[in-house]
Every structure is written in C-alpha cells, then in structure tokens.
Amino acid sequence: MFGPDRRCIVVVGAQWGDEGKGKIVDVLSERANYVVRYQGGANAGHTVVIGDEEFVLHQIPSGILHPEVRCIIGNGVVLDPKTLLAEIHELEERNIDVRSRLIVSDRAHLVLPYHKLLEQSAERRQKIGTTGRGIGPAYEDKFGRRGIRVGDLHDMERLRVTVGERVTRANHLLELWGAEARADEAAHVRLLESLAPDLLPLTDDAGRAAWEALRHGKRMLLEGAQGALLDVDHGTYPFVTSSNTTAGGAAVGAGIGLTAIDGVLGVVKAYTTRVGNGPLPTEADETGSEALRRLGGEFGATTGRPRRCGWFDGVVVRYAVRVNGLTDLAVTKLDVLDTFDRLPICVGYRLGGEPLSEIPSNPYALAEVEPLYEYLDGWREPTGTARTLADLPPAARAYLDRIEALLETPITFVSVGTRRSQIIETA
C-alpha cells in the first residue's frame with residue numbers, strides 16, 4: 001500500500017463494522033510512522049493478536065503495539081477520558097510505552113457519565129442497538145455547540161460552571177423521559193479534576209502534528225471505527241452510529257487536508273456480520289448463522305454481544321466501494337469458511353419483483369429485499385498456513401476472484417487467521 005506516491009492511507013470498514021480493521025492496521029503499521037484514529041469512541045474495539053497475547057484497543061490506535069510508531073487521537077473522536085487512561089494503564093502493565101508516543105487532540109470532545117445515562121435511557125425508548133457508552137449524546141452535544149472538549153480541562157474554574165449547566169440539562173431530559181437515574185454534578189467535577197493531571201500532558205494540536213509529519217515525508221495511516229454501512233449519512237439510518245465512518249470523514253477527523261490522502265483501503269470479512277438492530281439482507285438461517293458465529297468467534301470486542309451473521313453481500317460492499325472511493329480491498333477471516341461445502345455470494349437484490357443493483361436508501365425497504373445468490377464450491381481444506389495466493393486451494397482463490405470481479409477493486413490483503421503472520425499480501 002505504501003510507496004513513493006502513497007504516504008497517507010485511510011483504512012475503513014466496508015460493511016457494518018467488526019471487519020478486522022485492527023489486524024490490518026497492525027500489519028500496515030510496521031511500515032508507517034504515524035497512526036491516527038479519526039472518529040468514533042469507546043464503543044468500538046479493535047482486536048490484535050501478537051504471539052500468545054490478545055490486545056483489545058477501544059480508543060488508542062492499533063499502531064501503539066509497534067514501538068517506533070507514534071499515535072494520534074484526532075479531533076473527530078469522542079473521548080471517554082476514564083476509559084482512555086485505564087487503557088493506557090493496561091498497556092503499560094504489559095510493558096508497552098504509550099505516553100511518550102501518544103498525542104490526544106485538544107479539540108476532541110469528552111464523553112462523560114451523563115452522556116451514558118442519556119444514551120441508555122434513549123435506547124430503552126428507541127431500539128437502535130447502541131452500546132450505551134454515551135457516543136450519540138456526546139456527538140449531539142458537539143454539533144449542538146454545547147460539548148466539552150479535552151482542552152477545556154486547562155480552565156477548571158470555567159469548566160465547573162459548564163459541567164453544572166450540562167448536568168442540569170441532562171437531568172431535565174432524564175426526568176422528561178421518565179428515567180430513574182440522575183447525573184451527579186459534584187461527581188462529574190471530581191472526575192474531571194482527578195483525570196486532568198494525567199490527560200493534559202498528552203494533549204496537543206493533533207491536526208498540526210499530523211500535518212507536520214506529512215510535510216516532513218512521514219508515512220501515515222488514518223484509522224476509523226465501525227463500518228461504512230454505519231455512517232450517519234451513508235449508512236442504514238437510523239440504525240447507524242453518530243459519526244461519519246466513511247473515508248470522507250478521515251481528513252476532517254484527523255485535521256488534515258483532503259488532498260493529503262493517497263489511498264483508501266476497505267476491509268471486508270469473507271462473509272457478513274452486524275451487531276444490533278437494522279437490516280442485514282444476507283443474514284443466514286439459524287444453522288448457518290450459528291456456524292459462522294462459532295467458527296469466527298463472532299462476539300463484540302467491546303460488548304460481548306453475539307453478532308448476527310450472514311453471507312458475503314456484494315451489493316453492500318459495491319456501495320461501500322463507491323461512497324469511500326476504495327482503491328484497495330483487504331479480505332479477512334477467509335479461514336472461517338474452510339469447512340463449508342457451498343458458499344453463497346449475493347450479487348443483486350429483488351424488491352417487489354423488480355431487480356436492484358444498488359441498496360435502497362430506505363432501511364425498511366432494504367430489510368425487505370430478496371438477495372440474489374451465486375453459489376461457489378467450498379474448498380474443505382484449512383487455509384491458515386497459506387502465505388501466498390498460490391498456497392490457497394483453487395476454490396478459495398476462485399472465491400476471492402469472484403469478489404474482486406464483482407467489486408471491480410483489487411484485493412491487496414487476505415487474512416487467514418488471527419495472528420500477524422497469517423496474512424497474504426497480493427501486491
């Protein structure tokens with residue numbers, strides 16, 4: 001991916017999240033100088049396996065596991081400060097230096113306990129499938145111009161007043177919604193006062209730091225959370241997250257110019273999963289879904305919730321190719337399909353008897369489509385030891401070839417297991 005004409009690469013999920021972006025970023029980080037997380041919050045989890053150790057990263061970019069890489073949490077992230085510091089502490093206990101290599105944008109907005117109360121109450125009224133970690137209300141406050149940013153911790157006197165106003169507003173909403181819980185203003189102030197001494201030394205103008213790095217020829221990965229179909233504008237609204245998960249949000253969330261981006265790598269599973277409510281056109285029957293879930297370990301890295309599982313949806317990923325401007329693809333978890341006799345690939349939809357080649361913008365219409373499948377032979381052989389395309393069974397190569405042709409986008413990486421070594425680079 002990196003080369004003389006490619007120094008700044010965006011890595012995005014091209015389905016509904018959980019595509020294995022953390023592993024792909026981890027592999028690419030060996031060639032990068034900087035990794036920037038540009039959106040989302042602690043509702044996302046990237047899992048990376050190194051040797052016998054598993055790392056689940058919620059807010060810190062995956063590049064932190066490479067000692068020479070510097071990491072940035074950009075202004076587009078909504079930051080849970082308590083969770084961040086706990087994550088730093090956990091990594092340090094595992095002998096990973098974090099503080100000297102991490103920059104946190106002073107423009108990033110904070111997720112506070114009252115945001116979590118609001119989201120949990122809202123989820124009880126409108127079943128979206130949120131994690132209850134306060135991400136939506138934090139973004140609502142950001143765009144309502146009442147957010148609290150990391151840099152506000154420099155002026156605790158002013159911040160105490162602001163926190164009082166925000167807690168009062170939150171409690172008013174909780175009362176209107178009939179919720180029993182209430183936010184405690186004094187506890188919020190104590191929390192911020194206790195976190196500020198650890199958090200403020202990490203903060204800086206992250207956008208300027210990223211720009212300076214690129215200006216001096218450094219190689220940079222921009223890492224998003226969730227997936228394209230969860231984008232607040234381009235996803236299956238309202239069953240989406242609260243930020244722009246597509247590549248267009250990368251420049252804004254990192255604080256750099258759009259022309260700095262040289263390539264966009266979309267990560268897809270060899271099948272499809274989704275957490276929470278909303279349409280999933282290729283969702284498998286109970287037997288197929290359970291098999292995929294068991295073989296793929298399909299449980300949320302953050303919540304532990306079982307993921308809904310289905311077959312590869314070429315219509316969804318073709319849409320993701322378009323809205324992200326994907327230049328390359330990474331296909332993960334090919335090995336999960338090793339034991340299946342026959343593998344469906346969705347190549348189109350039918351709705352009301354009419355064929356569709358694009359996903360409808362109405363999620364309720366999407367929930368009603370009939371997927372049109374092509375069936376490919378399974379390979380019934382383990383692929384975990386493959387390190388080149390030639391090592392793969394012919395049927396596995398045929399499966400990848402069909403995906404590549406259907407999406408008209410080159411597959412640059414194929415993952416055949418959880419470990420760093422279990423990846424095939426095709427270019």
Side-chain angles (χ1 to χ4, degrees), residues 7-11 25 29 32-42 44 46 57-92 96-112 138-139 141-142 147-159 162 191-225 243 249-261:
R7 291 188 298 109
C8 185
I9 306 296
V10 183
V11 179
V25 171
S29 292
N33 306 113
Y34 283 77
V35 179
V36 183
R37 170 78 180 272
Y38 64 82
Q39 55 76 226
H46 289 171
L57 302 170
H58 297 282
Q59 296 183 108
I60 298 174
S62 307
I64 204 68
L65 302 177
H66 294 267
E68 303 303 319
V69 175
R70 299 206 65 177
C71 292
I72 295 175
I73 295 176
N75 55 274
V77 172
V78 287
L79 189 75
D80 185 325
K82 187 174 181 180
T83 300
L84 173 69
L85 292 174
E87 192 170 323
I88 291 172
H89 179 68
E90 181 181 343
L91 288 169
E92 288 175 337
I96 295 172
D97 172 32
V98 178
R99 294 173 198 266
S100 70
R101 299 190 291 122
L102 178 65
I103 297 172
V104 177
S105 173
D106 54 9
R107 290 179 169 87
H109 282 246
L110 294 176
V111 179
L112 296 173
Y139 274 118
D141 279 358
K142 174 179 179 175
I148 295 174
R149 305 198 295 180
V150 174
D152 294 334
L153 293 169
H154 285 291
D155 187 347
M156 286 303 304
E157 185 175 347
R158 182 187 298 273
L159 185 55
T162 304
L191 174 67
L192 292 172
E193 287 177 338
S194 67
L195 296 175
D198 278 335
L199 186 57
L200 284 176
L202 302 173
T203 64
D204 202 348
D205 184 339
R208 182 176 180 83
W211 176 77
E212 288 281 3
L214 290 170
R215 193 166 70 91
H216 287 92
K218 303 298 184 182
R219 296 181 301 277
M220 184 173 293
L221 285 175
L222 306 180
E223 173 188 19
S243 60
V252 175
I256 60 174
L258 186 62
T259 53
I261 295 172

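Quick caveat: nothing in here was measured; it's all calculated off a predicted structure.
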### Task
In sequence, state the C-alpha distance, the side-chain angles, and the governing distance for Ile73 and Leu79, and then conclude on side chain to side chain contact (heavy atoms under 4.5 Å, CB included).
CA-CA 9 Å; Ile73 295 176; Leu79 189 75; 4.1 Å; yes

Kindly list each side-chain donor-acceptor pair under 3.5 angstrom involving residues 147-156, sequence neighbours excluded, with atom names and distances?
residue	atom	partner	partner atom	Å
Asp152	OD2	Arg149	N	2.8
Asp155	OD1	Arg158	N	3.2
Asp155	OD2	Arg158	NE	3.4

I'd like to check the side-chain hydrogen bond (donor to acceptor under 3.5 Å, both in side chains) partners of [X]; sequence neighbours left out, ordered by chain and number.
{"X": "Ser243", "result": "Gln39"}
{"X": "Thr259", "result": "none"}
{"X": "Thr83", "result": "Asp80"}
{"X": "Asn75", "result": "none"}

What distance separates [X] [atom1] from [Y] [atom2], expressed to the nearest 0.5 Å?
{"X": "Asp106", "Y": "Thr203", "atom1": "CG", "atom2": "OG1", "result": "6.0 Å"}
{"X": "Leu84", "Y": "Leu202", "atom1": "CG", "atom2": "CG", "result": "7.0 Å"}
{"X": "Ser194", "Y": "Leu199", "atom1": "OG", "atom2": "CG", "result": "10.5 Å"}
{"X": "Ile64", "Y": "His66", "atom1": "CD1", "atom2": "NE2", "result": "10.5 Å"}
{"X": "Arg37", "Y": "Ser105", "atom1": "CZ", "atom2": "OG", "result": "13.5 Å"}

When you measure from the side chain of [X] to the backbone of [Y], do you find a donor-acceptor pair of N or O atoms at a distance under 3.5 Å?
{"X": "Glu87", "Y": "Gln59", "value": "yes"}
{"X": "Arg7", "Y": "Ile261", "value": "no"}
{"X": "Arg101", "Y": "Val69", "value": "yes"}
{"X": "Glu223", "Y": "Ser62", "value": "yes"}

So, do [X] and [Y] sit near enough that their side-chain heavy atoms are less than 4.5 Å apart?
{"X": "Val10", "Y": "Tyr38", "value": "yes"}
{"X": "Pro67", "Y": "Asp97", "value": "no"}
{"X": "Met220", "Y": "Val36", "value": "yes"}
{"X": "Tyr34", "Y": "Ile72", "value": "yes"}
{"X": "Leu195", "Y": "Leu200", "value": "no"}

### Query
Is there a side chain to side chain contact (heavy atoms under 4.5 Å, CB included) between Cys8 and Leu222 once you walk through the steps?
CA-CA 7 Å; Cys8 185; Leu222 306 180; 3.9 Å; yes

#### Entry: Steps toward side chain to side chain contact (heavy atoms under 4.5 Å, CB included) verdict (Arg70, Ile103)
CA-CA 8 Å; Arg70 299 206 65 177; Ile103 297 172; 4.0 Å; yes

Restricting to non-hydrogen atoms, name the atom on [X] and the atom on [Y] that form the minimum distance, rounded to 0.1 Å.
{"X": "Leu214", "Y": "Ala260", "result": "CD1-CB, 3.9 Å"}
{"X": "Pro201", "Y": "Ala196", "result": "CD-O, 4.1 Å"}
{"X": "Cys71", "Y": "Gly63", "result": "SG-C, 3.6 Å"}
{"X": "Ala210", "Y": "Ala254", "result": "CB-O, 4.4 Å"}

#### Entry: From Leu110, Leu191, Leu112, residue fulfilling side-chain contact (heavy atoms from CB on, under 4.5 Å) relative to Lys82
Leu191

### Query
salt bridge (charged side-chain N to carboxylate O under 4.0 Å, His left out): which pairs involve residues 193-208, sequence neighbours left out?
Arg107-Asp205, Arg160-Glu193, Arg208-Glu212

### Query
Charged N to carboxylate O under 4.0 angstrom, Glu92 versus Arg99?
yes

